[in-house]
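Everything below concerns the one structure shown next.
Index from 1, following the sequence.
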Amino acid sequence: MDHAQQVEPFDYVIFGATGDLTMRKLLPAFYNRMRSGQVPDEARIIGTARTALDREEFVDRVREALVRFLPKEVRDPSLIERFLMRVDYVTLDGTKSGSDWDGLAAVLSTAPPERIRVYYFATAPQLYGAICENLHAKHLITPFSRVVLEKPIGTDSATAEAINNGVGQYFPENHIFRIDHYLGKETVQNVIGLRFANPIIEAVWSSDFIESVQITAAETVGVEGRAAYYNTSGALRDMIQNHLLQVLGLVAMEPPESLAADNVRNAKLAVLNALRPITGDAVRTETVRAQYTEGMVGGKPAPGYLEELGEPSNTETYALLRAFIDTPRWKNVPFYLRTAKRSAEKVSEVVITFKTAPTHMFSTPPIANCLVIRIQPHEGVELHLNVKNPATDAFTLKESVLNAEFEMGGGLPFPDSYERLLLDAVRGDPVLFIRRDEVEAAWKWIEPVLDAWSENKSPMETYSAGSYGPSKATTLLAENGHHWHENME
């Protein structure tokens, strides 16, 4: 099975190894891939950070993180100890040339020179260029080296270009892996399978049959410990510019020639380039921004965003854009891109609403068919259909839902999205990573909205924590006779 095929031996060097991302996501992902037999015994994970630790102290932190964040059913004490044997640590400030680069070089020099070397930047993006410059100056970039960049790639077009240029001076584009963990989710990848492996779906995948598309990523949590970061980012930058536009690309792209990386990424790029600009007065009519106020989440009181932040702010915690793709396939079909903090429920999904059947023969009009692709939680697909209501003698209709859940064998949870992506970088397979021109196209489309919002050309709405969002979001859909999925009857 592909899932059990080992990759080549590698050294994975993580900058920012003491941070939450490394402990919560990256290390458990490596453990699970080792557990599945994909990580060879010679592989090493080398942490670096400014925190002064020796190897034993770092290993203790890794052990605690694995016990804390791994599901109980996959936690094996003996396997954890075997995993820890592959872990090393160097105290290092990647931005300073006078830091302990010799220590890192000494660790790396014990491996064969042809060993695959992956540098993972789990740091602030503005540090990427300086780290690459030092890797180059210390002769640590080999022909077999790759670099993985965490989002966000900049905060606008100019900063994104600066980051890409800084990294691109030292790594060729085919060795740069810009990670978007949404693309590692099995259900996001399944958009491709559902569309192109099922003729009954692909045959109706156009404006001839589709009324609207909703792409939602909502969370019940607030900004909490991320308030400082979030207040400089906001919902539009944090979720829509990257995650949701990538999902949009997969949903709306033309059939690629193959699943080769550049064919898929070219198809997504064509979608981004075909997005109708949202500029000028359109920002007021086609977008909604809002902040959550105090409310109830899960039956418990939740403070408002400004209370959590402790200061005034013009940063949105809710963002909605009505997008149009100016291609023959998608003529005049609205794509509603929505993300929210402190929502009524945690949900990521794609909702395809089809046009209603053109018939008047039934006493109850048929509802619009609806295809729901659940990204998380409860991964799967729902198809909402009209059937005869068996509870009445009259030929009336009722809604029936075909529900296909995506499941792993043995009752195990789906692999975390990082599991696939971490080893794809070792394989040198960039299909689920973002190419530079995709980043640039996404910023080009989003930036006019960001600029208009920063100048308050679209009012800041509010919504109660624990609700689905501001009333204006419902009104925007109602203008076209549409409803949010949670409000559909």
Side-chain angles (χ1 to χ4, degrees), residues 185-218 220 247 251 298-299 330 332-336 338 343-414 466-469 471 473-489:
K185 294 180 181 294
E186 286 290 332
T187 39
V188 171
Q189 297 171 50
N190 228 326
V191 171
I192 296 176
L194 286 168
R195 278 193 60 185
F196 302 122
N198 297 287
I200 61 172
I201 292 179
E202 178 61 11
V204 295
W205 209 259
S206 72
S207 60
D208 291 339
F209 301 96
I210 292 176
E211 175 70 20
S212 69
V213 179
Q214 299 176 23
I215 303 176
T216 295
T220 56
V247 175
V251 170
W330 297 113
N332 295 327
V333 174
F335 285 74
Y336 301 106
R338 171 179 62 160
S343 180
E345 61 178 322
K346 176 182 174 69
V347 60
S348 295
E349 65 183 12
V350 179
V351 180
I352 312 293
T353 302
F354 294 91
K355 295 180 177 179
T356 54
T359 179
H360 301 286
M361 69 175 67
F362 302 105
S363 58
T364 52
I367 64 166
N369 294 148
C370 189
L371 179 68
V372 181
I373 304 170
R374 298 191 306 269
I375 298 171
Q376 64 180 19
H378 314 304
E379 295 89 345
V381 175
E382 298 174 4
L383 182 59
H384 296 237
L385 300 171
N386 293 288
V387 298
K388 181 188 177 298
N389 187 348
T392 65
D393 292 334
F395 210 113
T396 57
L397 300 174
K398 64 171 287 188
E399 181 185 37
S400 183
V401 179
L402 298 181
N403 186 2
E405 294 187 354
F406 300 147
E407 295 180 342
M408 290 286 292
L412 294 175
F414 267 96
S467 70
Y468 283 101
S471 59
T474 301
T475 302
L476 186 143
L477 265 69
E479 293 171 359
N480 297 102
H482 300 154
H483 305 277
W484 289 114
H485 181 219
E486 63 268 11
N487 296 329
M488 291 180 182
E489 296 181 358

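A search for side-chain contact (heavy atoms from CB on, under 4.5 Å) contacts involving Leu402 returns Leu383, Leu385, not counting sequence neighbours. Considering only residues two or more places apart in sequence or on other chains, Tyr468 meets the ring pair (Phe, Tyr, Trp, His ring centres under 6.0 Å) condition with none of them. With sequence neighbours left out, the side-chain contact (heavy atoms from CB on, under 4.5 Å) criterion links Ser207 to Lys331, Val333. The side-chain contact (heavy atoms from CB on, under 4.5 Å) check on Ala478 picks up nothing, with sequence neighbours excluded. Residues satisfying the side chain to side chain donor-acceptor pair (under 3.5 Å) test with Thr187, not counting sequence neighbours, are none. Every side-chain contact (heavy atoms from CB on, under 4.5 Å) that Thr364 has, sequence neighbours left out, goes to Thr396, Leu397. In this structure, Glu186 has no salt bridge (Lys or Arg N to Asp or Glu O under 4.0 Å) partners at least two apart in sequence or on a different chain.
Here the closest non-hydrogen pair linking His482 and Pro334 is CE1-CG, 3.6 Å. Taking each heavy atom of Pro390 and Lys388 in turn, the nearest pair found is CD-O, 3.1 Å. Across all non-hydrogen atoms, the minimal contact from Trp330 to Val251 is CZ2-O, 3.9 Å. In terms of heavy atoms, Ser400 sits closest to Val387 at CB-CG2, 3.7 Å.
Within the structure, no pair that satisfies the salt bridge (charged side-chain N to carboxylate O under 4.0 Å, His left out) test touches residues 362-372, not counting sequence neighbours. Contacts classified as salt bridge (charged side-chain N to carboxylate O under 4.0 Å, His left out) and involving residues 473-484 (residues at least two apart or in different chains) are given here: Arg322-Glu479. Residue pairs meeting the salt bridge (charged side-chain N to carboxylate O under 4.0 Å, His left out) criterion with at least one member in residues 199-216, sequence neighbours excluded: Arg195-Glu202, Glu202-Arg329. Among pairs with a residue in residues 360-378, those fulfilling salt bridge (charged side-chain N to carboxylate O under 4.0 Å, His left out) read Arg374-Glu382, at least two apart in sequence or across chains.
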| Which is it for Val204 and Ile210 under the side-chain contact (heavy atoms from CB on, under 4.5 Å) test, yes or no, and what are the steps along the way? | CA-CA 7 Å; Val204 295; Ile210 292 176; 5.9 Å; no
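With rounding to the nearest 0.5 angstrom, the CG atom of Leu371 is 5.5 Å from the CH2 atom of Trp205. Of the inter-residue distances, the one linking Thr216 atom OG1 with Glu349 atom CD reads 5.5 Å to the nearest 0.5 angstrom. Here CZ of Arg338 is found 11.5 Å from CG of Leu476. Values are rounded to the nearest 0.5 Å. Considering CG of Asn403 and NE2 of His384, their distance stands at 8.5 Å, rounded to 0.5 Å. Here the OH atom belonging to Tyr336 is positioned 9.5 Å from the OG1 atom belonging to Thr353, to the nearest 0.5 angstrom. Atom CD1 of residue Ile215 and atom OG of residue Ser348 lie 11.0 Å apart, to the nearest 0.5 angstrom.
A donor-acceptor pair under 3.5 Å is absent between the side-chain atoms of Gln376 and the main chain of Ala217, judged by distance alone. Checked by atom type and distance alone, the side chain of Glu399 never pairs as donor or acceptor with a backbone atom of Ile367 at under 3.5 Å.
Residues Asn190 and Glu379 fail the side-chain proximity criterion, which asks for heavy atoms closer than 4.5 Å. Between Val351 and Trp484 the shortest side-chain heavy-atom distance does not fall below 4.5 Å.
In Lys398, the NZ atom is not crowded: 12 or fewer heavy atoms of neighbouring residues, nucleotides or ligands sit closer than 6.0 Å.
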